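None of these values were measured; they are calculated from a predicted model. Within every chain, numbering begins at 1; the chains are lettered A, B, ... in the order of the sequence lines, protein sequences first and strands thereafter.
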Amino acid sequence: MSTLSSEKDTNAAADNYRNFIEEIIEQEIADGKNEKRVLTRFPPEPNGYLHIGHAKSICLNFGLAKKYKGLCNLRFDDTNPTKEDVEYVDSIMEDVKWLGFEWNEEPRYASDYFEQIYQWSEMLINKGLAYVCEMTAEEISASRGTPTIPGKASPWRNRPSAESLDLFHRMRAGEFPDGKYLLRAKIDMGSPNMHMRDPALYRIRHAHHHRTGNKWCIYPMYDWAHGQSDYIEGITHSICTLEFEVHRTLYDWFLDQIVEGNYRPRQIEFARLNLTYTLMSKRLLQDLVQCQIVDGWNDPRMPTISGLRRRGYTPESIRNFAERVGVAKRENVINVALLEFCLREDLNKKAPRVMAVLDPLKLVITNYPEGKTEYMIAENNQDDEHAGTREMPFSREIYIERDDFMENPSKKFFRLCPGGEVRLKNAYIIKCEEVIKDAAGNISEVHCSYDVNTRSGSENSNKKVKGTLHWVSIPQALSMEVRLYDRLFMDEDPADVEEGKTYLDNLNPNSIRIINAFIEPSVKNAKAGDIFQFQRLGYFCVDSKYSKEGKPVFNRTVTLKDHWTKKNE
RNA sequence: UGUCCGAUGGUGUAACGGUAGCACUGCAGAUUUUGAUUCUGCCUGCCCAGGUUCGAAUCCUGGUCGGACAACCA
């Protein structure tokens, strides 16, 4: 985690600012609660891939631990075997590590605590605080009432403890089919809080669990496992998202039944991350994968950590983003532009510059000797003196970007136009002499002359021209696959759809465009994950899935900020 | 017609009874061999009504609006 300390914390470092969770923690430390210890946890259910929303939670939990010299556990909340899988366990560990965090000791699993939770359940039964119910799921649902109408007691509510205990043992022993019996807490069917109306504790599920195999056929519910796991691990601050606010009363009620001594975990809720143009629902993301609308969980258009990683995002940029969005309790929708800003900010420092032409227009320098090749010196990153330089071949025939030429330029266009002069970056100043068109009238070539005295770096190179273009020399250019991504959804809130439509109607049909581009030869042996700035175009990374030795495939991570084309749209 | 939570520029987030600040976005300009970066400047804000106070975004009361909660999901 050494990389973390070298970073500037935009918010946290700023003088005395504390978010509301930090204020709570500091108050508790001041009060001497839980022996002034801080132990947080990141508790995903292994039923899908982590996304940028989880990244906020990860940064929060691990960040708090670091800030208060505590630790953070990684715990898999694996109490529902039908939805979970080791595939997800593995990806979650990989993603947390990639983000730059180290969890305390080994990963934990709620399933490690099944026996203890079972024992506590027996205790509840013995205390008359739990009973085995025989109603069907439908009956229970109907008897629970509504937020404004109290529920009705189960006919089994006053079943003698001994009988419930016997039934509970036999549930565990596998004597009954799924759904036959349910262990319920006996709390208050009239509570205004729906979660207090005799919530389910244990259900029968004859299913293979990814860790416990077939050892268990009864599984505890979230509410009767999460706080208990927190307690077992010694968690001090159990931080979760806002939708669990109404669970807190239950969380505390369960704790009341099992806590011995002074230590006690505390649940604190914060507002989850929402991003414009981005789907943040695990279920809907899973749909995209299953319907093959995207190329797996790590498709570069996905907001998953693995998708962002493949797209070219850096851990630093994501951590910094998490810092900037802040932590509070009000619902929020962050502009995805902030994420992209954090990305560019980081990539600008790190990415070596190269030249590539995505949409080529042939340019012939008519007064340049045929067959001649010069090697131009190019800085790898002019903002980084340690980045060094490289040589770029230059010759009579080059490609420039089609956008960079206009036959009838608008007044503020300062790229190449008939009779106009521009600089070829790291090379010469050229002047457009002639426009060549094909039979259909399309521009097929541009013929220019060059000024031999204007070579970059030479004494006479100080001549000023308004425009500077990137280019590649045709004979040496590499033709390579480049994947241009755009946002997956056209609507700012993809899940908010009108009647009769689904979020799929919001899909951007142009979210991926695969082209062949011409790139300078220096990138030939780039490896998966390598990042570059294609000058004047954007940041690109070598794709980890489709690249081959000596044949990289590039993903456009993000475009450069561009006030010019924006204005002209 | 319940319980809980929330409300500060376009979007986020500060202020802890004493000048409403910061970031992103947007706009304008300077610099620039990337129309990038960098640097300047600007635009927009305390949900409403009462009350307490010398003084309220902040405390109190009452509204209004928004969100969460009725899986044997987490």
Exercise. Looking for any heavy atom pair under 4.0 Å, which part of the strands does Phe414(A) touch: base, sugar-phosphate only, or nothing?
Worked result: base

Exercise. Choosing from C72(B), A70(B), A14(B), which nucleotide comes nearest the side chain of Met194(A)?
Worked result: A70(B)

Problem set entry | Pair Lys329(A) + Glu245(A): basic N to acidic O under 4.0 Å | yes

For this session: Check the distance between C5(B)'s P and Ile24(A)'s CD1 and give it to me in whole angstrom.
Result: 13 Å

Problem set entry | Arg203(A) vs A74(B): side-chain N/O to OP1/OP2 distance below 4.0 Å | yes

For this session: Please state how far atom CG in Leu250(A) lies from atom P in C4(B), giving the value in whole angstrom units.
Result: 15 Å

Exercise. Reckon Met221(A) touches a base, only the sugar-phosphate, or nothing at all at heavy-atom distances under 4.0 Å?
Worked result: sugar-phosphate

Seminar exercise, completed: Out of G12(B), C73(B), U34(B), minimum distance to the side chain of Arg536(A) belongs to U34(B)

Exercise. How would you label the contact of Lys412(A) with the nucleic acid (heavy atoms, under 4.0 Å): base, sugar-phosphate, or nothing?
Worked result: base

Exercise. Distance check: side-chain N/O of Arg272(A) vs OP1/OP2 of A74(B), anything under 4.0 Å?
Worked result: no

For this session: Taking only the side-chain nitrogens and oxygens of Lys561(A), find out if one of them lies under 4.0 Å from OP1 or OP2 of U25(B).
Result: yes

Seminar exercise, completed: Any strand, both distances under 3.5 Å, Watson-Crick or G-U wobble: U34(B) pairs with none

Exercise. Can you tell which of U34(B), C73(B), G6(B) lies closest to the side chain of Lys425(A)?
Worked result: U34(B)

Exercise. Picking from C4(B), C24(B), G26(B), which would you name as closest to the side chain of Ala337(A)?
Worked result: C24(B)

Problem set entry | Options G35(B), A68(B), C72(B), nucleotide nearest the side-chain atoms of Glu243(A) | A68(B)

Problem set entry | From G2(B), C72(B), C24(B), nucleotide with atom closest to Leu182(A) side chain | C72(B)

For this session: Report the distance from atom CZ of Arg344(A) to atom P of U34(B), rounded to the nearest whole Å.
Result: 18 Å

Exercise. What is the ring orientation for Tyr88(A) with Tyr49(A), classed by angle as parallel under 30°, tilted 30 to 60°, or perpendicular over 60°?
Worked result: perpendicular

Exercise. Of the nucleotides U34(B), U3(B), U25(B), which one has an atom closest to the side chain of Leu560(A)?
Worked result: U34(B)

Exercise. Touch check for Lys566(A), heavy atoms < 4.0 angstrom, all strands: base, sugar-phosphate only, or nothing?
Worked result: sugar-phosphate

For this session: For Tyr222(A), answer base if it contacts any base atom (sugar-phosphate contacts may also be present), sugar-phosphate if it contacts only those atoms, and nothing otherwise; contact means non-hydrogen atoms under 4.0 Å.
Result: base

Exercise. Do side-chain atoms of Arg344(A) reach the backbone of Cys342(A) as a donor and acceptor pair under 3.5 angstrom?
Worked result: no

For this session: Tell me yes or no: between the side chains of Ser154(A) and Arg159(A), is some donor less than 3.5 Å from an acceptor?
Result: no

For this session: Answer with base, sugar-phosphate or nothing: what part of the nucleic acid does Ala137(A) contact at a heavy-atom distance below 4.0 Å?
Result: base

Exercise. In whole angstrom, what separates Asp562(A)'s CG from G26(B)'s P?
Worked result: 11 Å

Problem set entry | Short side-chain N/O contact from Arg205(A) to OP1 or OP2 of C73(B), under 4.0 Å | yes

For this session: Check every atom of A70(B), U1(B), A36(B) against the side chain of Thr148(A) and return the nucleotide holding the closest atom.
Result: U1(B)

Exercise. Do we see Trp564(A) stacking on the base of G35(B), given a limit of 5.5 Å between centres and 30° between planes?
Worked result: yes

For this session: Using a 4.0 Å heavy-atom cut-off across all strands, classify Asn193(A) as base, sugar-phosphate, or nothing.
Result: nothing

Seminar exercise, completed: Nearest heavy-atom contact between Ile268(A) and Ile21(A) is CG2-CG1, 3.8 Å

Problem set entry | Contact under 4.0 Å: Lys464(A) side-chain N or O vs U33(B) OP1/OP2 | yes

Exercise. Looking across every strand, which nucleic acid part, if any, lies under 4.0 Å from Glu269(A) by heavy atom: base, sugar-phosphate, or nothing?
Worked result: nothing

Seminar exercise, completed: Asn332(A) atom CG is separated from A68(B) atom C1', nearest whole Å, by 15 Å

For this session: Under 4.0 Å between any heavy atoms, over every strand shown, what does Thr79(A) touch: base, sugar-phosphate, or nothing? Just pick one.
Result: sugar-phosphate

Exercise. Any chance the rings of Tyr118(A) and Phe168(A) have centres within less than 6.0 Å?
Worked result: yes

Exercise. Which part of the nucleic acid does Tyr219(A) contact within heavy-atom distance under 4.0 Å: base, sugar-phosphate only, or nothing?
Worked result: nothing

Exercise. Which one is paired to G41(B), where only Watson-Crick or G-U wobble pairs with both distances under 3.5 angstrom count?
Worked result: C27(B)

Exercise. Which part of the nucleic acid does His470(A) contact within heavy-atom distance under 4.0 Å: base, sugar-phosphate only, or nothing?
Worked result: nothing

Exercise. Ile140(A) near the nucleic acid: base, sugar-phosphate alone, or nothing, with a heavy-atom cut-off under 4.0 Å?
Worked result: base

Exercise. Taking the side chain of Gln533(A) as heavy atoms from C-beta outward, which of C4(B), C73(B), U34(B) is closest to it?
Worked result: U34(B)

Problem set entry | Separation of atom CZ in Arg353(A) from atom C1' in U33(B), rounded to whole Å | 14 Å

Exercise. When we call it a touch if two heavy atoms are under 4.0 Å apart, what does Ser141(A) touch: a base, just sugar-phosphate, or nothing?
Worked result: sugar-phosphate

Problem set entry | Rounded distance in Å - CG (Asp384(A)) to C1' (U37(B)) | 13 Å

Exercise. Is Lys83(A) salt-bridged to Glu45(A), cutoff N-O under 4.0 Å?
Worked result: no

Problem set entry | RNA chain B: 5'-proximal contact among Asn80(A) and Thr565(A) (nearest heavy atom) | Thr565(A)

Problem set entry | Minimum-distance nucleotide (side-chain atoms of Glu331(A) versus A23(B), G26(B), G67(B)) | G67(B)

Exercise. Considering residues at least two apart in sequence or located in another chain, which fulfil the salt bridge (charged side-chain N to carboxylate O under 4.0 Å, His left out) criterion with Lys152(A)?
Worked result: none

Exercise. Is Arg330(A) near enough to U13(B) that one of its side-chain N or O atoms lies under 4.0 angstrom from OP1 or OP2?
Worked result: yes

Exercise. Please give, in whole Å, the distance from C24(B) P to Phe341(A) CZ?
Worked result: 4 Å

